[in-house]
Trainee: 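Take a look at the following structure, please.
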2 protein chains.
Amino acid sequence: MPATIKDVARTAAVSIGTVSRVINNYPDVDPELRERVQAAIRELNYRPNARARTFVQNSTPVISFILSNRSLLNPFHSGILQGVEEYCASAGYFVMFTKYDYSKDVRAEDLSLPGVLRSHGVADCMILAGTNYDNFVEAVEKLGVPHVILSNHHVTEREQTPFDRVGWDDLSGPYEATKYLITLGHRDIWYIGDTALPWYQARYESYVRAMREAGLAPLGQTVELSDNYYANGYASAEFILEKGYPVTAVFAAYDEIAFGAWDSFRKHGLDVPRDVSIVGYGDNDEAQFKAPPMTTVRINKSLVGRQLAQMAIEKLQQPEGRLPEVVIPVSLVKRGSTRPAAAAPIPQS
Amino acid sequence: MPATIKDVARTAAVSIGTVSRVINNYPDVDPELRERVQAAIRELNYRPNARARTFVQNSTPVISFILSNRSLLNPFHSGILQGVEEYCASAGYFVMFTKYDYSKDVRAEDLSLPGVLRSHGVADCMILAGTNYDNFVEAVEKLGVPHVILSNHHVTEREQTPFDRVGWDDLSGPYEATKYLITLGHRDIWYIGDTALPWYQARYESYVRAMREAGLAPLGQTVELSDNYYANGYASAEFILEKGYPVTAVFAAYDEIAFGAWDSFRKHGLDVPRDVSIVGYGDNDEAQFKAPPMTTVRINKSLVGRQLAQMAIEKLQQPEGRLPEVVIPVSLVKRGSTRPAAAAPIPQS
DNA sequence: ATGAAAGCGCTAACAG
DNA sequence: CTGTTAGCGCTTTCAT
């Protein structure tokens, strides 16, 4: 049975009010009493009861990170969670990790919500991460629970107000990457990636924009065998090579896709970057560890997480306030998997 | 301001005691009253206040997953966390994610503990995951906080009582893997991996045992440039090849190490599995996605996590009880990166 | 079967 | 500056 504030008060021969003031670092306490209280705390090995404290203050320093419909094994999501925890810990908050899988086709009121939403007071603000749909967001809104949304994977049909959302810039990365390849003299630049998923769609369109601006024809290739990025990238490259299409550069919509394509090229005796330049997307750890290290678009997942956490804590303190959307910039990291295109044969005139 | 139990009682014209009995599914409630209460709950959109409930019950349905000195980006750790969450959610518990970095050289009483341990009542049981040392474990013990330890990465100098610990079998996996390569006719089988870390040491010894039993000389190679597994595996293979040592098979102490070695072999024109067979360790998702898919030792991380969670919940309910250590078996997954050794040239007699 | 009331540990408001 | 006390929402015990 742990010591309570009463025990400390008795031992220090003061009132519980004084003990409370000492615990919470109130300024106006007689130094001698403060010392006596602190001695009693040490002696009794007293740790405040967080339950009682949060109960009387009617608020819990807990943020729930809800990962919807995605696996934490994906470094994207674990990276964001890690950023969330980092910020929360520094601000004195705790992070509750909840995985939540649901179908987008269930009506909001019929969703079987995660426990953290079935009672109130477990966590006072939610971070909706992973892939989310309108039905769940709507259910959370209806409950009146403060929340912040990871915007990139929020598949919505409603018009979004630019508030209480954090994401990274999914448009300029692919655009910059493609432009970089063009600058290097490449013309047969393929986009490899799924175009069915909305966020891949955005990446594709940015690629197309860069190609068009340079007067080049966009070349998209997607083989969607499974939700296995590597295999799809591999198969897409196989397809391009088997058809005999010219290819000197690839922008892959995700690092894992790039790795698959890379292995396919290698299998066909094509060297990266000698024969084909490759740019990935995401900058997971593996990218820098390839031989040669892979050029890719870096998304600062930790920063995305920290920003989500910061906004969540602000919302928790001011549930009615609306915080403007934050978009985290991305950056092209140039490494060894890209190089200038071989000079084109001079046309005979 | 959310509705409280009082509001429900007033609306249903019953006492708060009755409302409590309905909420908690007590059997002896008049069906008519129960119906009235439920109607009031719906009408007021009442959700019980978890804070008040846990306060009066003096226990919180929260387990803290403390990841020490490791990154959640490593699929090992995120896989375990995901298993923990899965079990906890099904049992009505919540998971608090805490990252905690510390030095093993600080005395237990001088450690700056994570917030979840500085007050009590935030979480009632801890899962100590990641890499842990005696000082932290001792500090947790001194606080009298119930806890369960992931045993594989617990670096200890104390004699361990086989209780309140969960781990996977780090001995039979490497042994089986090596024996399998021997069965395939390989003789020049290299172990690639760090031997400085204790758990890698165990894997190495098991490899050595299998080699010795077959009358073969163990061949260990470690290049430890950094904590980058891929690069170390790559460099280790480079070393073997540059020295011109014979090699027809490799057991790598971790999948990422295997990937690095694989790429080095490929660079040197050696095909897997035609020229070299490779066995990895861990069975991260990428292993099955290689071309060909990689033979590896599967560690069921989710099961490790679920087992940790189950024991944590038991400890939480019976803090004094001691639960026998659980060791999760591993299994060799045979895939395309291994094949029988080419027949040795028949010695001229 | 139901209502009334004590009390969980703490904070904060108030009185002195 | 310090002590006293109400009260947070709920469960549980004790009457009835």
Side-chain angles (χ1 to χ4, degrees), chain A residues 1-41 44-62 92 115 118-124 317, chain B residues 1-41 44-62 92 115 118-124 317:
Chain A
M1 195 87 303
T4 73
I5 198 170
K6 271 190 202 163
D7 301 320
V8 176
R10 200 171 337 102
T11 306
V14 297
S15 73
I16 59 169
T18 301
V19 176
S20 177
R21 281 182 276 260
V22 171
I23 295 170
N24 295 288
N25 281 313
Y26 278 59
D28 296 333
V29 179
D30 184 288
E32 195 213 311
L33 287 198
R34 160 166 277 131
E35 185 43 55
R36 255 166 47 205
V37 169
Q38 280 162 344
I41 287 174
L44 298 173
N45 233 318
Y46 169 75
R47 290 182 298 152
N49 184 328
R51 277 188 280 273
R53 193 193 296 234
T54 63
F55 173 49
V56 53
Q57 291 181 336
N58 200 26
S59 102
T60 315
V62 176
R118 282 203 298 271
S119 42
H120 79 263
V122 179
D124 285 348
Q317 289 161 349
Chain B
M1 194 85 303
T4 74
I5 198 171
K6 270 190 203 165
D7 301 321
V8 175
R10 200 173 334 105
T11 305
V14 297
S15 73
I16 60 169
T18 299
V19 176
S20 177
R21 282 181 274 259
V22 171
I23 294 169
N24 295 287
N25 280 312
Y26 279 59
D28 294 334
V29 179
D30 184 288
E32 196 213 311
L33 288 197
R34 162 165 276 130
E35 186 41 57
R36 254 162 51 202
V37 169
Q38 281 162 342
I41 288 175
L44 298 173
N45 233 318
Y46 169 77
R47 289 182 300 152
N49 184 328
R51 275 188 282 274
R53 186 186 296 214
T54 64
F55 172 48
V56 52
Q57 290 180 338
N58 200 28
S59 102
T60 316
V62 176
R118 281 202 298 272
S119 41
H120 79 264
V122 179
D124 285 348
Q317 288 161 349

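Lettering of chains follows the sequences in order, A, B, ..., and the numbering in each one begins at 1. Keep in mind the model is a prediction, meaning the values are calculated, not measured.
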Trainee: Would you say that A:Val122 contacts A:Thr60 through its side chain, given a criterion of any heavy-atom pair below 4.5 Å between the two side chains?
Mentor: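 No, their side chains stay 4.5 Å or more apart.
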Trainee: With a cut-off of less than 4.0 Å, is there a side-chain N or O of A:Tyr46 near OP1 or OP2 of C:dG9?
Mentor: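 It does not, given that no N or O in the side chain of A:Tyr46 lies less than 4.0 Å from OP1 or OP2 of C:dG9.
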Trainee: In whole angstrom, give the distance that lies between atom CZ of A:Arg21 and atom P of D:dC1.
Mentor: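 The answer, rounded to whole Å, is 11 Å.
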Trainee: To the nearest Å, give me how far apart CZ (B:Arg47) and C1' (D:dG9) are.
Mentor: 15 Å
Trainee: May I ask you to verify if any side-chain N or O of A:Tyr26 is less than 4.0 angstrom from the OP1 or OP2 atom of C:dA12?
Mentor: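 So the side-chain polar atoms of A:Tyr26 do come within 4.0 Å of the phosphate oxygens OP1 or OP2 of C:dA12, strictly under.
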Trainee: Nearest to the side chain of B:Ile16 - C:dG9, C:dA5, C:dG3?
Mentor: C:dA5
Trainee: Report yes if at least one side-chain N or O of A:Ser15 is closer than 4.0 Å to OP1 or OP2 of D:dT4; otherwise report no.
Mentor: no
Trainee: Could you go through the side chain to side chain contact (heavy atoms under 4.5 Å, CB included) check for B:Val14 and B:Val19 one step at a time?
Mentor: CA-CA 7 Å; B:Val14 297; B:Val19 176; 3.7 Å; yes
Trainee: Tell me: CD of A:Gln57 to P of D:dA6, nearest whole Å?
Mentor: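 Going from A:Gln57 (CD) to D:dA6 (P), I get 21 Å.
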Trainee: Evaluate the side chain to side chain contact (heavy atoms under 4.5 Å, CB included) criterion for residues A:Thr4 and A:Asn49: first the C-alpha distance (whole Å), next the side-chain angles of each, then the deciding distance (0.1 Å), finally the verdict.
Mentor: CA-CA 8 Å; A:Thr4 73; A:Asn49 184 328; over 6 Å; no
Trainee: Atom CG of A:Asp7 to atom P of C:dG9: distance rounded to whole Å?
Mentor: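 Result: 9 Å.
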Trainee: Does a side-chain N or O of A:Asn49 approach OP1 or OP2 of C:dC8 to a distance below 4.0 Å, or not?
Mentor: no
Trainee: Starting at atom CG of B:Asn25, determine the distance to atom C1' of D:dT11, rounded to an integer number of angstrom.
Mentor: 15 Å
Trainee: Give one of base, sugar-phosphate or nothing for A:Thr18, where a contact means two heavy atoms less than 4.0 Å apart.
Mentor: sugar-phosphate
Trainee: What is the nucleic acid contact for A:Val29, judged by heavy atoms within less than 4.0 Å: base, sugar-phosphate only, or nothing?
Mentor: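 Sugar-phosphate contact only - A:Val29 comes under 4.0 Å of backbone atoms but never of a base.
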Trainee: Any base atoms under 4.0 Å from B:Asp30, or only sugar-phosphate, or nothing? Heavy atoms, all strands.
Mentor: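 Sugar-phosphate contact only - B:Asp30 comes under 4.0 Å of backbone atoms but never of a base.
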Trainee: Are B:Arg36 and B:Asp30 close enough for a salt bridge, meaning some N to O gap below 4.0 Å?
Mentor: no
Trainee: For A:Arg51 and C:dT11, what is the distance between atoms CZ and P respectively, to the nearest whole Å?
Mentor: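 My rounded result for the distance is 14 Å.
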Trainee: Could you state the atom-to-atom distance from CG of A:Asn58 to P of C:dC10 in whole Å?
Mentor: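 Going from A:Asn58 (CG) to C:dC10 (P), I get 17 Å.
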Trainee: By nearest nucleotide on DNA chain C, pick out whichever of A:Pro48 and B:Asp28 is the more 5' one.
Mentor: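 Final value for this comparison: B:Asp28.
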Trainee: For D:dT11 and B:Asn24 - does any side-chain N or O of the residue sit under 4.0 Å from the phosphate oxygens OP1/OP2?
Mentor: yes
Trainee: Please pick, from D:dG9, D:dC10, C:dT2, the nucleotide with the shortest atom-to-atom distance to any side-chain atom of B:Phe55.
Mentor: D:dG9
Trainee: Step by step, would you call A:Ile5 with A:Ile23 a side chain to side chain contact (heavy atoms under 4.5 Å, CB included)?
Mentor: CA-CA 10 Å; A:Ile5 198 170; A:Ile23 295 170; 4.2 Å; yes
Trainee: Of the candidate nucleotides D:dC1, D:dT11, C:dC10, which contains the atom at the shortest distance from the side chain of A:Arg53?
Mentor: C:dC10
Trainee: Can you check the B:Arg34 CZ to C:dT2 C1' distance for me, whole Å?
Mentor: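 So the two atoms are 13 Å apart, to the nearest Å.
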Trainee: List the atom of B:Gln38, the atom of B:Val22, and the distance in Å for their closest heavy-atom pair.
Mentor: CG-CG1, 4.1 Å
Trainee: Given that B:Ala52 and B:Gly17 both sit by DNA chain D, which one's nearest nucleotide is further toward the 5' end?
Mentor: B:Ala52
Trainee: Just checking B:Val14: base, sugar-phosphate only, or nothing, at a heavy-atom cut-off of under 4.0 Å?
Mentor: sugar-phosphate
